[in-house]
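Take a look at the structure set out below.
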Amino acid sequence: MNKISIIGTGSVGATIAYTLTAMGLVSEIVLIDINQEKALGEALDIRQGIPLFGACSIYAGDFSDAKDSDIVIITSGIARKPGQSRLELAQTNVDITKNIIPQITKYAPDASYIIVSNPVDILTYTFCKRSGIPENHIIGSGTILDTVRLRSRLSEYFNINQSNAHAYVMGEHGDSSFIPWSLANISNVPIKDCSRLIKNSKLTYPELNFDEVEQYVRKSGARVIERKGATFYAVSAAVCHICKCLLNGIDTTMTVSTMMHGEYGVSDVCLSVLNIVGKDGAHSKVLTPLTDEETAKLQKSAETLKEVISNLDI
């Protein structure tokens, strides 16, 4: 029996609830929202499709209903508008998070918390500083979404299964993120050598445009928002992947946002590097070897976040 509570039933929260149900990952889901009618409507809509999926109890509730949750997912906050950066949302969503923390941790002190709302790194930091929850149980969705976007783009370049593209996005989930290209490969062929070493009788691979790929990944969220008003399918898939790893107990590496304690010369800020996530939460970091230039980019991303944090009431 696994129980997940989702705070916030906007596009992201509702899509996470639907995806969890469709995947058969969880036996009980609680939807919590300041707009209770919205939460009731989303729960009813999903519940009426459950006979075609599998057994799951999904209902709208309040914070007290989160008792005994294995996972709490935070999606509440003001959504990013077209042309707005994630960091511009900061103080409003920090205040919302600060209001939620004592109400939810009172009832679910032993849960793992997944922070999804933006700016995700700053809200993850806020949760670490104010909640009293052990840091390994506080996970920001971070750049796992950016990493999936990167792998999707690389698979298009080389016309190969996405699971054969191995690469990461690190740092802030935002404009200061970066790709450590020294780690990127297609089935263990270094990315810079793929055009030369991967022989395909049907295709000639174009030379990989690193800047284009990096901009594609960094701007994907904004492009989706411009076209349809919000992003929710891919981020929901990413969050459900985190949930699956927390629940099945098999340690899995992924780029999620956690508190830094001197790794790569970065401290007292939350951002994404490679973490091991399993039944004990995000319990370890994998210190992948970075070049000096890549380490400098990670440190610059940390400074970008710290500058914003210094101007916030956290």
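For the numbers below, each heavy atom of this structure counts, side chains included, while hydrogens, waters and symmetry mates do not. Position 1 is the first residue of the sequence; numbering continues from there.
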The criterion is salt bridge (charged side-chain N to carboxylate O under 4.0 Å, His left out); which residues satisfy it with [X], sequence neighbours excluded?
X: R153; result: E156, E212
X: E293; result: K297
X: E135; result: none

Non-hydrogen side-chain atoms of [X] and [Y] separated by less than 4.5 Å:
X: N93; Y: L123; answer: yes
X: V26; Y: C243; answer: no
X: V116; Y: I73; answer: yes
X: I7; Y: D33; answer: no
X: L290; Y: T288; answer: yes

For [X], give me all partners under side chain to side chain contact (heavy atoms under 4.5 Å, CB included), at least two apart in sequence or on another chain.
X: E37; value: N35, L40
X: S131; value: I101, T105, F127, I133, I138
X: K129; value: Y125, M259, D268
X: S182; value: T291, E294

For the pair [X] (side chain) and [Y] (backbone), establish whether a donor and an acceptor sit closer than 3.5 Å, ignoring hydrogens and angles.
X: T295; Y: Y264; value: no
X: R218; Y: D175; value: yes
X: E28; Y: C56; value: no
X: Q91; Y: D313; value: yes
X: D70; Y: K3; value: yes
X: T147; Y: V169; value: yes

Extract all donor-acceptor atom pairs below 3.5 Å that involve side chains of residues 43-50 and protein atoms in other chains or at least two apart in sequence.
residue : atom : partner : partner atom : Å
R47     : NH1  : I58     : O            : 2.8

Restricting to ring-ring contact (aromatic ring centres under 6.0 Å, His included), what partner residues turn up for F210, sequence neighbours left out? W181
Using the test ring-ring contact (aromatic ring centres under 6.0 Å, His included), find all partners of F53 that sit at least two apart in sequence or belong to another chain. Y18
I'd like to know if the side chain of [X] pairs up with that of [Y] as donor and acceptor (distance under 3.5 Å, no hydrogens or angles considered).
X: D251; Y: H283; answer: yes
X: Q215; Y: D211; answer: no
X: S5; Y: S69; answer: yes
X: K285; Y: T258; answer: yes
X: D121; Y: S257; answer: yes

Using a 6.0 Å cut-off, check whether atom [atom1] of [X] has over 12 heavy atoms from anything other than its own residue.
X: K38; atom1: NZ; value: yes
X: Q103; atom1: CD; value: yes
X: K228; atom1: NZ; value: yes

What residue pairs, at least two apart or across chains, pass side chain to side chain donor-acceptor pair (under 3.5 Å) with a residue in residues 108-117? S112-H137
Strictly by side chain to side chain donor-acceptor pair (under 3.5 Å), give each pair with a member in residues 231-248 just once, sequence neighbours left out.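 Found none.
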When you look at S301 and S176, which way does the side chain to side chain donor-acceptor pair (under 3.5 Å) test go after all the steps? CA-CA 5 Å; S301 191; S176 69; 2.7 Å; yes
Say you draw a straight line from CG of L20 to CG of L25; how long is it, rounded to the nearest 0.5 Å? 6.0 Å
